[in-house]
Amino acid sequence: MASVETLYKELTAEWSKRPPNTKKCGQLLDQLKIALVKMAFLPTDGNDAQNSKKQLLLARCVLEIAVEHSVLSKDLQAFERYMSQLKCYYYDYAKIIGESDNKYKLLGLNLLYLLSGNRVSDFHTELELLSVDIIQHNQYIRPILALEQYIMEGRYNKIFQAKSSMPAEVYNYFMDLLVETVRDEIGACIEKSYEKISAKDAAKRLNLRVPDEIKVFGEKRQWKLEGNGNYSFTDRSIKPKEALPSEELAEQVLSYARDLEMIV
């Protein structure tokens, strides 16, 4: 236990630096994970948990740093893995080790992650684990719920505005991903709604202010740029007309009418 505490102190000292050395923090986290596994830090029953309160608290603190470190490192797989482990401490062992000061900050971060990936079903599953009071009033949860509402209502301009008012700095990376997801949704709507649109108008709708940004976005979406500076979606927005089988439909209607008349 002493060696684990020493590693943890070294990790917190490095993590508290601004900016932290992410590589060194990652190395310390790897060492701590191995040490905690050897200690069997995750109890299997209530009695074991009571005897391991100190280890549980330490493991929770390590995982909280690991979650934020994975965001800083842009490692989404690690984020999901650490967050899944951390929720065990937040929900299953809360009565033993109490509530963490970082609980709702990181649960809100997880909600934003799910929203940024358009995983609406998983988003609502996680939301159901929280009380109504927390959902409506918590400083970390309420803003994320508002973002989901903006998406459902199609108020995408609110998403762009909210980017600068996130409740914690660690939210910024997932907020950037959400903005990109929203831009893709707007881009898909533009393709279906317009035959042609100027690059300036497209940039305005996508909240892109630098000319090169709309160019990059258009190339990513494989938009056709004409010589006059307009994007053309003729091949995307207009679907070929399908001939209606009028005779077959008429025969079916008459057949249904005869059958109905026989029933009556």
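Keep in mind that what you see is a predicted model, and the values were worked out from it rather than measured.
With sequence neighbours left out, K196 forms a side chain to side chain contact (heavy atoms under 4.5 Å, CB included) with E226, S232. Residues meeting the ring-ring contact (aromatic ring centres under 6.0 Å, His included) test with Y113, sequence neighbours left out: F79, F174. Not a single side-chain hydrogen bond (donor to acceptor under 3.5 Å, both in side chains) links Q31 to another residue, sequence neighbours left out. Applying the ring-ring contact (aromatic ring centres under 6.0 Å, His included) rule to F123 yields no partners; only residues at least two apart in sequence or on another chain are considered. Among residues two or more places apart in sequence or in another chain, the side chain to side chain contact (heavy atoms under 4.5 Å, CB included) test is passed with S84 by none. Applying the side-chain hydrogen bond (donor to acceptor under 3.5 Å, both in side chains) test to D122 and every residue at least two apart in sequence or in another chain returns R119. Q149 pairs by the side chain to side chain contact (heavy atoms under 4.5 Å, CB included) definition with E153, not counting sequence neighbours. Legend: residues meeting side chain to side chain contact (heavy atoms under 4.5 Å, CB included) with K17, ordered by chain and number and at least two apart, are E14.
V216 and L206 fall into different hydrophobic clusters, defined by Ile, Leu, Val, Met, Phe, Trp and Tyr side-chain heavy atoms under 4.5 Å apart, directly or through other members. Under a hydrophobic clustering in which Ile, Leu, Val, Met, Phe, Trp and Tyr are joined whenever their side-chain heavy atoms come within less than 4.5 Å, directly or via other members, I159 and V120 fall into different clusters. Under a hydrophobic clustering in which Ile, Leu, Val, Met, Phe, Trp and Tyr are joined whenever their side-chain heavy atoms come within less than 4.5 Å, directly or via other members, I135 and Y104 fall into the same cluster.
Taking 4.5 Å as the limit, every side-chain heavy atom of C61 sits out of range of all side-chain heavy atoms of T12. Side-chain contact check for E185 versus I151: every heavy-atom pair is 4.5 Å or farther apart. Residues E80 and M83 are not in side-chain contact: their nearest non-hydrogen atoms beyond the backbone lie 4.5 Å or more apart. Counting heavy atoms from C-beta on, the side chains of K54 and E5 come closer than 4.5 Å.
Taking every heavy atom of both residues into account, A59 and Y89 meet most closely at CB-OH, 3.5 Å. Shown here for L32 and V4, the closest heavy-atom pair between the two residues is CD2-O, 3.6 Å. Across all their heavy atoms, C25 and W15 have their closest contact at SG-CE3, 3.8 Å. Contact record, L112 with M175: CD2-N, 3.9 Å, taken as the closest heavy-atom pair. In terms of heavy atoms, L107 sits closest to I141 at C-CD1, 4.2 Å. Between S116 and L177, the shortest heavy-atom contact is CB-CB, 3.9 Å.
Identified under the side chain to side chain donor-acceptor pair (under 3.5 Å) test for residues 66-78, with sequence neighbours left out: E68-K105. A side chain to side chain donor-acceptor pair (under 3.5 Å) check over residues 124-141, counting only residues at least two apart or in different chains, returns the pairs K87-E126, H124-E148, D133-H137. Every pair passing side chain to side chain donor-acceptor pair (under 3.5 Å) that includes a residue from residues 203-213 is listed here, sequence neighbours excluded: Y194-R205.
Rounded to the nearest 0.5 angstrom, K103 NZ and L130 CG are separated by 7.5 Å. In this structure, I96 CD1 and L57 CG are separated by 10.0 Å, a value rounded to the nearest 0.5 Å. In this structure, I197 CD1 and E195 CD are separated by 12.5 Å, a value rounded to the nearest 0.5 Å. Atom CG of residue L129 and atom CD1 of residue I134 lie 13.0 Å apart, to the nearest 0.5 angstrom. In this structure, K33 NZ and L7 CG are separated by 13.0 Å, a value rounded to the nearest 0.5 Å. Distance CG/L106 to CD1/I65: 10.5 Å, rounded to 0.5 Å.
Counting heavy atoms of neighbouring residues, nucleotides and ligands inside a 6.0 Å radius, atom CG of D101 does not exceed 12 of them.
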Could you go through residues 160-167 and list every donor-acceptor pair under 3.5 Å that involves a side-chain atom there, pairing it with any protein atom two or more places apart or in another chain?
from, atom 1, to, atom 2, distance (Å)
K163, NZ, D176, OD1, 3.1
S164, OG, Q161, O, 3.3
S165, OG, A162, O, 3.2

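Judged by distance alone, the side chain of D184 and the main-chain N or O of T181 form no donor-acceptor pair under 3.5 Å. Distance alone, capped at 3.5 Å, is enough to place a donor-acceptor pair between the Y171 side chain and the L109 backbone.
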Query - Criterion side-chain contact (heavy atoms from CB on, under 4.5 Å) on I190 and R221, from CA distance to verdict - result: CA-CA 11 Å; I190 288 174; R221 299 284 305 184; over 6 Å; no

Report task. Any chance you could lay out the side-chain contact (heavy atoms from CB on, under 4.5 Å) test for K53 and Y93, step after step, and finish with the verdict? Result -> CA-CA 9 Å; K53 183 175 180 179; Y93 298 113; over 6 Å; no

Query - Check against side-chain contact (heavy atoms from CB on, under 4.5 Å), Y231 and I214 - result: CA-CA 11 Å; Y231 285 107; I214 185 61; 4.1 Å; yes

Requested in this report: Just do the side-chain contact (heavy atoms from CB on, under 4.5 Å) check on V182 and V179 with the steps written out, would you?
Outcome: CA-CA 5 Å; V182 166; V179 166; 5.7 Å; no

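Inspection of the Y90 and E64 side chains reveals an N or O donor paired with an N or O acceptor under 3.5 Å.
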